[in-house]
Amino acid sequence: MQIKCYPYDFEYQVKDGHVYVYLYSKLDNGAKICVLHEHQPFFFAKIHPIDLETIKKRLDQLVIKSEREEAKVVSVEEVEKELLGKKEKFLKIYVNYPKAVPLISKELESWGINCYEKDILFVHRYLRDLGITPMTLVQAEGEFSEKSELRVPVFIASRVDQLSKEPLHTWKILALDIETYAKKKEINPEKNPILMIAFYGIDEQGQEFQKVITWKNFDSNLNYLEIVSDEVELLKRFRRIMLDYQPDIITGYYSDGFDFPYLKTRADKHNLKLDLGLDHSELFISSRGKTEANITGCLHLDMFKFIRYIIGGSLKTDSYSLDSVSEELLGHRKHKVNINELAQTWDSQPEKLVDFCEYNLHDAHLALKLCQKLLSDIIEFTKLVNLPAADMIRMRFSRLVESYILSRAMEFNVLAPNRPADAEIEQRMEESIQGAFVYEPTPGLYQDVVVFDFRSLYPTIISAHNIGPESLHCSCCQKNTVPEREEYWFCEREKKFIPTVLEQLILRRVDLKRLIKEAKANNEDTKMLEARSYALKLLANSFYGYLGFYGARWYCLECAASTTAYARNYIKTTIKKAEQKCFQIIYADTDSCFLLLGDQHLDQAKEFMNEINFDLPGHMELEFEGYFPRGIFVALKGKEAGAKKKYALIDEKGKMKITGFETVRRNWSILAKEIQEKVLRLIMEDKKSQALEYVKTMIKELKSGQVDISKLILRTQITRELSQYSSIGPHVYAARKLQDLGEKIYPGMMIDYFIAKGTGLVRERAALPEESRPYDSEYYLYHQLLPAVISIFDVVGITEDELLGRSKQTGLGKFF
DNA sequence: AAGCTACGGGG
DNA sequence: GTGTACGTAGCTT
């Protein structure tokens with residue numbers, strides 16, 4: 001029989017010598033099944049034809065003992081594959097189970113044979129080999145198994161085919177969030193219990209589910225609250241709810257790194273099994289550095305990972321806290337509750353726990369909303385790189401690009417080069433290339449700024465000039481050298497693998513943009529199309545970085561160097577032509593160009609842009625980015641030239657665009673952040689004297705000692721036992737003080753401190769907030785307040801002396 | 001200047 | 001799970 005389903009979670013098992021991929025899938029009616037499909041693991045080896053028969057015989061007899069099962073070669077096949085542009089013969093070696101691949105290939109390498117595609121995860125291998133795309137419609141041929149050892153029916157498939165690239169959009173999602181006992185910011189699962197756990201779910205019909213479980217008795221009229229007797233009961237209820245609700249997707253915020261590991265540790269402490277998997281397996285926490293949490297048959301999506309790695313670049317926020325991310329993406333913030341007081345409230349004022357329950361549920365709700373909002377993006381990325389969504393969201397760009405290339409390699413009969421070994425990585429890390437061209441801005445406040453941008457500059461260059469490891473230094477096109485890099489050239493006759501798969505990304509996006517336009521004209525929903533377009537754009541933009549990334553399989557530094565060389569050439573040409581048209585250039589960086597209108601019209605600037613575009617090859621294009629009545633460029637500390645990437649613009653509607661200022665950076669006191677933002681605004685609005693007065697007032701307040709300590713707090717985490725520190729920072733000093741006061745210091749604890757008045761090294765004066773000591777106003781003035789604003793005032797001719805209310809210094813005084 | 005360590009998110 | 005993040009900021013030596 002044939003069935004149609006949407007696979008969303010994957011694993012493999014070896015049963016009676018057969019290797020099965022388990023495709024946990026969703027049916028159209030909302031039910032879940034698991035499709036088992038046999039697949040044979042393999043890798044490739046480069047063998048000289050002379051040795052072929054000898055090697056085949058040796059492989060035939062090769063048996064490697066291992067803890068579980070003997071690793072053996074099952075069969076071999078001679079194939080022709082293309083490796084870095086060269087067609088060659090390889091031996092495709094099938095082995096008896098996935099973990100035999102590293103064992104056997106290592107053995108072959110010890111014989112002096114090069115092996116390839118020996119470190120590709122088996123499930124990933126399967127998806128690529130069969131062209132199966134997760135979360136989209138596949139058809140399986142086979143039979144349902146009579147008995148299932150899983151919590152869902154099992155379908156044994158003889159074949160599986162991709163039917164459509166259209167993904168399923170209706171999934172049953174459950175978000176979870178826990179609150180734990182943490183006095184003095186001490187987050188320690190070994191010692192402190194889980195106090196409450198919140199669920200927020202939504203099913204295929206849009207039906208919502210809310211629940212908060214806690215184990216402290218108190219009165220409330222919260223209908224979603226369930227009170228149990230102790231933590232053990234809480235954990236049991238957690239297990240029960242997970243099994244009963246049976247979500248397809250489980251989500252949370254930092255649930256890979258916090259909620260699930262914490263739950264697992266607490267369950268272990270109480271000898272409770274969290275057998276949540278559809279195969280009865282336990283919640284699995286992978287350790288050693290990167291923490292990941294997985295439940296078999298349930299797609300776990302930690303929104304933090306996806307947002308930080310994939311979406312992050314397009315967000316304004318610099319902090320990836322749930323609070324700031326939700327504010328930007330959802331327009332909702334977290335509930336205002338002082339989480340520091342939870343432990344105290346739990347111990348002595350349980351009647352006030354209602355607030356924390358609401359807070360708990362709200363956090364789960366935010367995680368759910370983030371998941372819902374970003375699900376189309378997640379699905380589109382998953383489709384593009386052809387990997388399980390659970391793996392995709394945990395990847396950085398280099399791996400995403402590589403996965404995309406790998407998924408395309410099949411149809412081009414391309415063999416993947418190996419990842420570099422440690423020695424190779426070290427060597428690659430030492431190499432560098434010349435980067436982008438930057439036209440240094442002169443610090444100042446400017447009028448009538450027009451900004452132009454090359455759309456997707458690097459991808460369009462790579463595609464237009466056929467840049468890739470396969471086309472580098474062909475024997476036919478030596479005259480076609482790269483500008484400024486005459487030692488490099490790329491084939492002009494034949495478009496090769498890397499630029500081809502990149503060009504396809506660019507073309508697909510061009511096509512999508514047209515579809516989006518049409519859909520919008522017809523008032524149709526464009527959410528999925530836009531998610532697809534975004535995924536394509538991000539992936540295309542990452543190719544350049546990938547080619548120069550030390551860990552890449554298709555590493556090609558010459559390619560990366562040539563890409564930037566072409567880019568420098570294009571932007572310099574643009575600048576030259578703009579100057580010929582009498583536009584003053586004030587700034588240019590990589591792909592953008594800021595010019596002043598002067599006495600010319602905006603239309604004339606756009607005409608200039610069209611002339612540039614006439615000469616560009618391939619899909620290259622210069623675009624109009626915007627017109628800004630005012631712009632400010634500040635100087636780099638202690639330098640005459642303008643700071644690269646440190647400027648602010650204000651558009652006709654008065655909206656500010658701030659780039660590179662400390663306001664958006666962490667590890668600054670609240671005081672410095674607040675003041676910088678306000679000053680920038682006032683200066684941009686031409687309220688120079690108001691800005692000066694404001695800062696003077698703030699300095700006075702700081703010096704008088706009236707600034708609230710809370711605005712001066714610096715916060716750092718303790719990451720090890722205090723005795724293990726060899727270098728002692730101020731936070732360690734502060735932590736030692738806490739310890740002397742009888743506090744237990746644990747790794748993971750956050751230490752708040754401020755710099756107090758006194759003599760000696762700064763770190764020796766790190767004081768605890770509760771020590772009512774006066775702060776060091778000099779430190780905060782010279783290390784926080786002034787550094788945050790001095791460069792801004794410098795632009796409008798206000799000196800540090802003026803800010804400090806000193807008389808203007810001239811001549812020699814300047815040098816002291 | 002190089003080398004080492006801590007940071008992120010979570011309570 | 002055919003495994004062992006990552007890039008950078010800030011400090012010390």
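Order of the sequence lines fixes the chain letters, A, B, ..., with proteins taken first and strands second; residue numbering starts at 1 for each chain.
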Subject >> Pair A/E282 + A/K264: basic N to acidic O under 4.0 Å >> reply: yes
**OP:** Would you kindly check whether a donor in the side chain of A/K99 faces an acceptor in the base of C/dG1, or vice versa, at under 3.5 angstrom?
**Re:** yes
Original post:
Contact class for A/R394 vs. all strands (heavy atom < 4.0 Å): base, sugar-phosphate, or nothing?
Top reply: nothing
Original post:
A/F549 near the nucleic acid: base, sugar-phosphate alone, or nothing, with a heavy-atom cut-off under 4.0 Å?
Top reply: sugar-phosphate
Original post:
Per the atom types in the model, does the base of B/dG9 pair as donor or acceptor with the side chain of A/Y254 at under 3.5 Å?
Top reply: yes
**OP:** Ignoring hydrogens and angles, answer whether the base of B/dG8 and the side-chain atoms of A/R308 contain a donor-acceptor pair closer than 3.5 Å.
**Re:** yes
Original post:
Regarding A/H37 and A/Y126, is there a side-chain donor-to-acceptor distance under 3.5 Å anywhere?
Top reply: yes
**OP:** Taking only the side-chain heavy atoms of A/R125 (C-beta and beyond), determine which of C/dT4, B/dG11, C/dT2 contains the nearest atom.
**Re:** C/dT2
Original post:
Is any side-chain heavy atom of A/P102 less than 4.5 Å from a side-chain heavy atom of A/K118?
Top reply: no
Subject >> Heavy-atom pair with the smallest gap, counting every atom of A/Y309 and A/R394 >> reply: CE1-O, 3.6 Å
Subject >> Test item: A/F356 and A/E358 side chains (from C-beta on) under 4.5 Å apart, heavy atoms >> reply: no
Original post:
Which residues in residues 114-124 of chain A have at least one heavy atom lying under 4.0 Å from any atom of DNA chain C?
Top reply: A/K118, A/D119, A/I120, A/L121, A/F122
Subject >> Listed nucleotide nearest any side-chain atom of A/D363, set C/dT2, B/dG11, B/dG9 >> reply: B/dG11
**OP:** Name the nucleic acid region contacted by A/P98, choosing base, sugar-phosphate or nothing; use a 4.0 angstrom heavy-atom cut-off, strictly under.
**Re:** base
Original post:
For the pair made of CD in A/E292 and C1' in B/dG9, what is the distance, rounded to whole Å?
Top reply: 15 Å
**OP:** Tell me, please, which residues at least two apart from A/K334 pass side-chain contact (heavy atoms from CB on, under 4.5 Å).
**Re:** A/L322, A/D323, A/Y359, A/D363, A/L366
Original post:
Reckon A/Y550 has a side-chain N or O less than 4.0 Å from the OP1 or OP2 of C/dG7?
Top reply: yes
Original post:
By side-chain contact (heavy atoms from CB on, under 4.5 Å), which residues pair with A/R763, not counting sequence neighbours?
Top reply: A/P730, A/Y733, A/L761
Original post:
Nearest of C/dT12, B/dG9, C/dT2 to any side-chain atom of A/P102?
Top reply: C/dT2
Original post:
Closest to the A/D177 side chain: B/dG10, B/dG9, C/dT4?
Top reply: B/dG10
Original post:
Where each residue is assigned the nucleotide of DNA chain B containing its nearest heavy atom, which of A/R396 and A/L342 is assigned the position nearer the 5′ end?
Top reply: A/R396
Original post:
Among the nucleotides C/dT2, B/dG9, B/dG10, which one has an atom lying closest to any side-chain atom of A/L322?
Top reply: B/dG10
**OP:** State whether the distance check finds a donor on one side and an acceptor on the other, under 3.5 Å, for side chain A/N192 versus base B/dG11.
**Re:** no
Original post:
Among C/dT2, B/dG11, B/dG9, which nucleotide sits nearest the side chain of A/F258?
Top reply: B/dG11
Original post:
What nucleotide, of C/dT2, B/dG9, C/dG1, holds the atom closest to the side chain of A/V101?
Top reply: C/dT2
